[in-house]
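Quick caveat: nothing in here was measured; it's all calculated off a predicted structure.
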Amino acid sequence: MRILPWISAQAICGLLLLLTDSRGMADTFAWKNPPVSGAFNVAGNWQNADGNGGYPGAGDFAIFRDGVYTVACDGATAGMTELIGTVTFQLNGNYSAGSYLQGGHPVVLQGGGTLQTGPFSSLGDGSILVNGSGLTMDNFDFGTSSLQSRILGINGARITSSVQLNGSTHSLPQPRLESGSEWHHTGALIVNKCFISGGSLLAADELSVRAELDAGRIQAGLLKGSGHAINGSTVTAVTTSLSEWLLEGSGNSINVSGTTLPGLIYADISLKSGATFSAGALADNSWYTVDGSGSQLTVAGLITSDGPQKITIQKLGQGSAASLSRAFVIVRDAGSLFSYSNKAEDSTVQILNGGRINGGDFVGPSASTNSAGIS
């Protein structure tokens, strides 16, 4: 059941009071006197709407107000959950809620348990901090007003999700993953600018992202978007459709096991100071710059583009491919090298200031100055 952003909590509660479950009428329960330390499934910790006591079960509506809740969940389930104000869960075990409403305030999940939700809806510019605990989101949506909705994972947090609703029209989550935290998504995931550091991981079957990586990791079947990587960050994908990427320093890498696809026309992909990019084949229309000793572009198969694709090797950088077709390669200076093993067709090669090309058959124009050479 999807919760629309403009429906008030009072209206939802009223609706739920008309619903029935296996125990009769569904109830709305509020936690007594927060902050509370105690078990979710202890009747004395709750007050329901008709004053009869008990605790929320499947089909009921559980309300948590401002407070720090130490909750022994033990697999407890409520039909829906609303968090009002600033709420901290000290989780022990798993708590499953049919729907989860976050009203625009910070929510902290900590401890060893997991909050499982679906569908998930955030109704304001709130944030969720997962601190060494777990969050599972199914059918999640951040609403049209949630321009700054953030999901933060720290200290080995584990976030899993599936089915992002209206990601192209509603606001997008802004993840920050630190200190070994991970977010795994099944299906297509669209996020706003994200920060991934300390060995943390963002992974999805299909991922659209603007990434800042500091010893961070990205894994995707199809990767779209842009990013900046430092301090040994790694990006792995089956295929990519890239915008702007800058990799700075040894140990930073993008590895595409399949073929790159067209993305932003003439996007800049820059590899500096020892960064590397490898792919099965390049079929995009980006401009690659391989800059500095140890920096390397490695293509197992064909480099081709209708762009034409432009590849610049400079300052002792290196590049290689099996073949070239409709590509534009510039080797700028002494010590810089581009190699191909089969042939270059309908491609343009410029060799400047002592740069070198090592290759097989060459069909196409070339120009060289200052003792450059093709061997």
Chemist: Can you hop from L115 to V107 via hydrophobic side chains spaced under 4.5 Å?
Modeler: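 Result: yes, single cluster for both.
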
Chemist: Under 6.0 Å between ring centres: does that hold for F64 and W46?
Modeler: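 Ring centres of W46 and F64 closer than 6.0 Å.
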
Chemist: Spell out, yes or no, whether F61 and I84 are grouped together once hydrophobic residues are joined by side-chain heavy atoms under 4.5 Å, including indirect joins.
Modeler: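 Result: yes, single cluster for both.
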
Chemist: Answer whether the closest heavy-atom distance between the side chains of Q110 and T88 falls below 4.5 Å.
Modeler: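 Yes. Closest side-chain heavy atoms under 4.5 Å.
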
Chemist: Tell me every residue that passes ring-ring contact (aromatic ring centres under 6.0 Å, His included) with Y288, counting only those two or more places apart in sequence or in another chain.
Modeler: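 For Y288, the residues satisfying ring-ring contact (aromatic ring centres under 6.0 Å, His included) (neighbours in sequence not counted) are F277.
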
Chemist: Quick one, N48 and T28 - any side-chain contact, counting heavy atoms below 4.5 Å?
Modeler: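 No, every pair of side-chain atoms sits at 4.5 Å or beyond.
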
Chemist: Between E345 and R326, does any NZ, NE, NH1 or NH2 come within less than 4.0 Å of an OD or OE carboxylate oxygen?
Modeler: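 No, this pair does not count.
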
Chemist: Can you confirm whether S305 sits close enough to I303 that some side-chain heavy atom of one is under 4.5 Å from a side-chain heavy atom of the other?
Modeler: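 No, their side chains stay 4.5 Å or more apart.
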
Chemist: What residue among T81, V71, T77 forms side chain to side chain contact (heavy atoms under 4.5 Å, CB included) with Y95?
Modeler: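 Answer to the side chain to side chain contact (heavy atoms under 4.5 Å, CB included) test with Y95 among T81, V71, T77: T81.
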
Chemist: Looking at N45, L91, L83, V87, which hits side chain to side chain contact (heavy atoms under 4.5 Å, CB included) with Y69?
Modeler: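 So, applying the side chain to side chain contact (heavy atoms under 4.5 Å, CB included) to Y69 and each of N45, L91, L83, V87, only V87 qualifies.
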
Chemist: Are L172 and V191 close enough that some pair of their side-chain heavy atoms sits under 4.5 Å apart?
Modeler: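 Answer no - side chains too far apart.
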
Chemist: Can you find a heavy atom in the side chain of I313 that is under 4.5 Å from one in the side chain of L337?
Modeler: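 Side chain of I313 against side chain of L337, heavy atoms only: no contact under 4.5 Å found.
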
Chemist: Identify the heavy atoms of L242 and S286 that sit nearest to each other, and give their distance.
Modeler: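 Looks like O-OG, 4.5 Å.
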
Chemist: What I want to check is whether the side chains of D214 and S197 have a donor and an acceptor closer together than 3.5 Å.
Modeler: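 Note: D214 and S197 side chains miss the donor-acceptor criterion.
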
Chemist: Compute whether any side-chain donor of one residue and acceptor of the other, for D333 and N353, lie under 3.5 angstrom apart.
Modeler: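 The criterion, which ignores hydrogens and geometry beyond distance, is not satisfied for N353 and D333.
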
Chemist: For L207 and A204, work out which heavy atoms get closest and say how close.
Modeler: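 Where L207 meets A204 most closely, the heavy atoms are CB-CB, 4.0 Å.
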
Chemist: Identify the residue among S127, P106, P173 that makes a side chain to side chain contact (heavy atoms under 4.5 Å, CB included) with R150.
Modeler: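 Passing option: S127.
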
Chemist: List the atom pairs, with distances to 0.1 Å, where a side-chain N or O of residues 177-187 and a protein N or O form a donor-acceptor pair under 3.5 Å, not counting sequence neighbours.
Modeler:
residue : atom : partner : partner atom : Å
S179    : OG   : N155    : N            : 2.6
S181    : OG   : G153    : O            : 3.1
S181    : OG   : I154    : N            : 3.2
S181    : OG   : G156    : N            : 3.4
S181    : OG   : A157    : N            : 3.1
S181    : OG   : E178    : O            : 2.8
E182    : OE1  : H184    : NE2          : 2.6
E182    : OE2  : R217    : NH2          : 3.4
W183    : NE1  : S161    : OG           : 2.8
H185    : ND1  : S161    : O            : 3.4
H185    : ND1  : S161    : OG           : 2.7
H185    : NE2  : A188    : O            : 3.0

Chemist: N255 and T236: side-chain donor and acceptor closer than 3.5 Å?
Modeler: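 Side-chain D/A pair, N255 to T236: absent.
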
Chemist: Is there a side-chain contact between L213 and I230, using heavy atoms and a 4.5 Å cut-off?
Modeler: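 Side-chain contact under 4.5 Å: no.
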
Chemist: If you look at every heavy atom in V331 and I357, which pair is closest and at what distance?
Modeler: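 Looks like CG2-CD1, 3.7 Å.
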
Chemist: Just so I know, are the side chains of M137 and I151 near enough to count as touching, which here means a heavy-atom distance under 4.5 Å?
Modeler: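 M137 reaches I151 side chain to side chain.
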
Chemist: Using distance alone, with no hydrogens and no angle criterion, decide if N192 and R210 have a side-chain donor and acceptor under 3.5 Å apart.
Modeler: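 Yes, a side-chain donor-acceptor pair sits under 3.5 Å.
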
Chemist: Is there side-chain contact between K315 and R332, with at least one heavy-atom pair below 4.5 Å?
Modeler: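 Contact flag for K315/R332 side chains = no.
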
Chemist: Locate the shortest heavy-atom distance separating Y55 from A43; write the atom from each residue and the value.
Modeler: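 In terms of heavy atoms, the two residues are closest at CD2-N, 3.9 Å.
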
Chemist: Using every non-hydrogen atom in the two residues, find where Q296 and L271 come nearest and quote the distance to one decimal.
Modeler: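 Looking at all heavy atoms of both residues, the shortest contact is O-CD1, 3.5 Å.
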
Chemist: For the residue pair S295 and S273, what are the closest heavy atoms and their distance?
Modeler: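 For S295 and S273, the tightest heavy-atom pair comes out as OG-N, 3.2 Å.
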
Chemist: Does a side chain donor of either T160 or T136 reach within less than 3.5 Å of an acceptor in the other side chain?
Modeler: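 Judged by distance alone, the side chains do pair up.
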
